[in-house]
Structure formats: structure tokens, C-alpha cells
Amino acid sequence: MKNTNRTFTMIKPDAMRNGHMGSILTHIEKAGFKILAMKLTKLSPNQAKEFYNIHKERPFFNDLIDYITSGPIVAAILEKENAVEEFRNLIGNTNPKEAQEGTIRKIYAKSIDANAIHGSDSDENAEIESNFHFSKDDIL
Ligand code: CMP
């Protein structure tokens with residue numbers, strides 16, 4: 001599998017509501033990620049169901065859709081060498097209670113449902129998720 005050096009992120013509704021957008025973007029930039037595309041947006045229920053289609057059989061699916069559509073998000077494409085793995089290290093465990101000190105989820109997230117930020121789990125998914133939110137012309 002090719003390493004694209006790109007990943008996709010969303011700053012999620014809880015972080016936006018709590019006023020952490022700027023701090024999280026600073027954290028990301030200080031870690032050496034370049035922002036290639038970015039937008040403030042809000043997902044409709046249908047968009048959210050499509051985006052999280054891989055989780056549709058999971059017991060938390062309906063709550064996940066309600067939560068991710070509950071307010072604005074920031075979607076972005078990021079670039080850094082080995083971006084997917086580096087970014088997952090930066091954001092920490094899905095469950096903030098298990099996330100390492102200094103990670104974005106440890107600092108800004110309260111629970112596994114409202115965990116402040118998304119990071120793609122593979123290069124393949126980074127491309128799928130980026131294409132969901134952006135067209136080629138959006139990438140600078
Ligand atoms: P993320 O990996 O960004 O996308 C799927 C989300 O589902 C995940 O973050 C969590 O916020 C949420 N979620 C809720 N419950 C669970 C769970 N038990 N396991 C994994 N993800 C969960």
C-alpha cells in the first residue's frame with residue numbers, strides 16, 4: 001500500500017462548541033502538519049451516515065450520527081511524512097481516558113463519543129474521507 005503522506009481530519013462538534021478549534025489547529029501546525037485543504041461545515045444526517053458507513057452495524061451508530069450532526073465541524077486534509085500514523089499518535093487513543101498525556105484527545109476530549117477530533121486510520125481511508133469532503137481543486 002502506497003504511503004501518500006496525507007491524512008484527513010475533522011475537528012468534531014464538542015471541540016468546536018467548547019472553543020478549542022484554534023488551539024487544536026495550533027497543536028496540529030506545531031507538530032509539523034501542513035494544511036492542504038480546510039473548511040468549516042456541518043454534516044447533514046445523510047452525509048454523516050455515508051461518511052460513517054463502515055460503522056453502520058455498530059451499536060453506537062445512531063448516537064454517532066446524532067452527535068456528529070449536532071454542530072459545525074472543521075474538515076481538513078493534512079500533509080506530513082507518514083501522516084496517518086503520525087497524526088494518530090498526535091491525537092491519541094479513541095477513548096480519551098486511555099489517551100497518552102499531551103495528545104489532543106487527552107487535552108480536549110471528554111468521552112469516547114465526543115472525542116474532539118477524527119484522524120483517518122489508513123492511507124486508503126484518508127483518500128476516501130478526503131474525497132468525501134473535498135474535490136481535487138480544493139487541495140492547495
Ligand atoms: P472516530 O474513530 O473518529 O470515528 C468513529 C467514532 O465512533 C469514534 O471516533 C468514536 O467517537 C465513536 N465511538 C463511540 N463509541 C465507540 C466505541 N465503542 N468504539 C469505537 N468508537 C466509538
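For ligands, and for the atoms within them, numbers begin at 1 and follow the listed sequence. Quick note: numbers below take in every heavy atom, side chains included, and nothing from hydrogens, waters or symmetry partners.
- There is no side-chain donor-acceptor pair under 3.5 Å between Asn125 and Ser120.
- Remark: Lys12 fails to qualify as a cation-pi partner of Tyr67 under the 6.0 Å distance and 45° angle criteria applied to the six-membered ring.
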Expected rows: ligand 1 N/O, protein N/O, dist below 3.5 Å:
from	atom 1	to	atom 2	distance (Å)
ligand 1	3 (O)	Lys12	NZ	2.8
ligand 1	3 (O)	His118	ND1	2.8
ligand 1	9 (O)	Lys12	NZ	3.1
ligand 1	9 (O)	Asn115	ND2	3.3
ligand 1	11 (O)	Ile112	O	2.6
ligand 1	11 (O)	Asn115	OD1	3.4
ligand 1	11 (O)	Asn115	ND2	3.2

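- Within a 6.0 Å radius of CD in Glu85, no more than 12 heavy atoms belonging to other residues, nucleotides or ligands are found.
- Side-chain contact annotation: Arg17 with Ser70, donor-acceptor N/O pair under 3.5 Å present.
- Using a distance-only test at 3.5 Å, with no hydrogens or angles considered, no donor-acceptor pair links the side chain of Arg6 to the main chain of Glu127.
- Figure legend: Lys56 and Phe61 shown without cation-pi pairing, the cationic atom not lying both under 6.0 angstrom from the six-membered ring centre and within 45 degrees of its axis.
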